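Below you'll find the structure, written out as structure tokens, and then a few comments.
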Protein chains: 2
Amino acid sequence: MSRLDSHVGYWLRCVANQFSHALNRELEDKGVTLTEWIALRELYDTDMRSSALAERLGMTRGAVSKLARKLASNLMITQQASAGGSRAQMLSLTDDGRAVVRVFAVILDQADQEFFGHLEPDTRALIVAILRDIVRRRGLRAVPAD
Amino acid sequence: MSRLDSHVGYWLRCVANQFSHALNRELEDKGVTLTEWIALRELYDTDMRSSALAERLGMTRGAVSKLARKLASNLMITQQASAGGSRAQMLSLTDDGRAVVRVFAVILDQADQEFFGHLEPDTRALIVAILRDIVRRRGLRAVPAD
DNA sequence: TATTGTTATACTCTATAACTATA
DNA sequence: TATAGTTATAGAGTATAACAATA
């Protein structure tokens, strides 16, 4: 019977878990979860409806509703009703939220550097290309928030 | 500000998550969680105390106690008191448990093949070597059960 | 006294599904 | 009617910490 550690997936999960945990430790200090940060990061590039964010994160509308309420209560985002008293809402980062995203972007850059910075550029590029290709083959469903 | 997907860690987490989810889907059908299977797989190679298993899996003794009770109730493992009426117990796979591990080992082989089988042997070896090295640098704490 | 295992409790995260409000 | 968002509920999984038993 094959050993667990004879699989590529085993080592991939080891490193991915260590990477996630390292990020989580950083984020915990600031009272933000990984999921919350990814949501904020998505909203940095473009305002989004709650349902669109749910789609991006691979979560249910209910889960995102709760997430959005927490982020709004922390003054990270606003939930603005569309014009005309519509119930549909647009999620937008506040200035505070945008600042937080920038801070965490630096933390992410540093974490990536710590884990993978020692690799030759060619090697890095090769690995990213391979992983990208696997994601493409299998179809990316959502940003990995878990 | 850098994009999420400019990081190696991002793509690593994408693929690792897809891999974990693919495994979970297979395991769900059989009523076993990923954590349970990894526990069983650890016990296949050697009997272990509950506390040693907790150490291996990076879980608390309480969590493993619950896990062991479930596995024992499913007749996958036995919790044998050591000789002399000691309270310390040894966790051992039953014949059923050993059979289950062998079935899932095949499923894992197949999943790894599906995800990474298309890579050239050299490429596979390179990736494993790099990941292994990163784990070594950072110190492997536990088998990735989450 | 230190270690091992169990238990009770609580917490976090999420899904499900029923519900409300809108188009 | 279909869609968007909310809420209540429940379940999984785990940590914490108090506890019991043992060495």
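All values derive from a computational prediction rather than experimental measurement. Naming: A, B, ... by sequence-line order, numbering from 1 per chain.
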Task: Any Gln79(A) side-chain N or O less than 4.0 Å from OP1/OP2 of dG5(D) - done: no
- [ ] Please work out which of the three classes, parallel, tilted or perpendicular, describes the rings of Phe19(A) and Phe116(A), given edges at 30° and 60°.
- [x] tilted
For residues 131-139 of chain B, tabulate all N or O donor-acceptor pairs below 3.5 Å that involve a side-chain atom, not counting sequence neighbours.
{"from": "Asp133(B)", "atom 1": "OD1", "to": "Arg136(B)", "atom 2": "NH2", "distance (Å)": "2.5"}
{"from": "Asp133(B)", "atom 1": "OD2", "to": "Arg137(B)", "atom 2": "NE", "distance (Å)": "2.9"}

Open item on the list: Please report the distance, rounded to the nearest Å, between CE in Met90(A) and C1' in dT3(D).
Closed with: 15 Å
Task: Pairs where residues 104-114 of chain B contributes a residue and the test side chain to side chain donor-acceptor pair (under 3.5 Å) is met, not counting sequence neighbours - done: Ser2(A)-Asp109(B), His7(A)-Asp109(B)
Task: Residues that Asp5(B) engages under side chain to side chain donor-acceptor pair (under 3.5 Å), provided they are two or more places apart - done: Arg3(B)
Could you pull out the protein-nucleic contacts involving nucleotides 8-13 of chain D (nitrogen or oxygen on both sides, under 3.5 Å)?
none

Task: Sugar-phosphate only, base, or nothing, as touched by Ser50(A) at under 4.0 Å among non-hydrogen atoms - done: sugar-phosphate
- [ ] Could you list all the ring pair (Phe, Tyr, Trp, His ring centres under 6.0 Å) pairs where at least one residue sits in residues 40-79 of chain B, not counting sequence neighbours?
- [x] none
Open item on the list: The criterion is side chain to side chain donor-acceptor pair (under 3.5 Å); which residues satisfy it with Glu36(A), sequence neighbours excluded?
Closed with: Lys70(A)
Open item on the list: Quick check on DNA chain C: between Ala63(B) and Thr60(A), whose nearest nucleotide comes earlier from the 5' end?
Closed with: Ala63(B)
Open item on the list: Using five pairs at each end of the helix from dT1(C)-dA23(D) to dA23(C)-dT1(D) to define an axis, what is the angle between those two axes, to 10°?
Closed with: 10°
Open item on the list: List the residues meeting ring-ring contact (aromatic ring centres under 6.0 Å, His included) with Tyr10(A), not counting sequence neighbours, and say none if there are none.
Closed with: none
TODO: Assign each of Arg61(B) and Leu67(B) to its nearest nucleotide of DNA chain D by heavy atoms, then name whichever residue's nucleotide is nearer the 5' end.
DONE: Leu67(B)
Task: Pairs where residues 52-69 of chain B contributes a residue and the test side chain to side chain donor-acceptor pair (under 3.5 Å) is met, not counting sequence neighbours - done: Glu42(B)-Arg56(B)
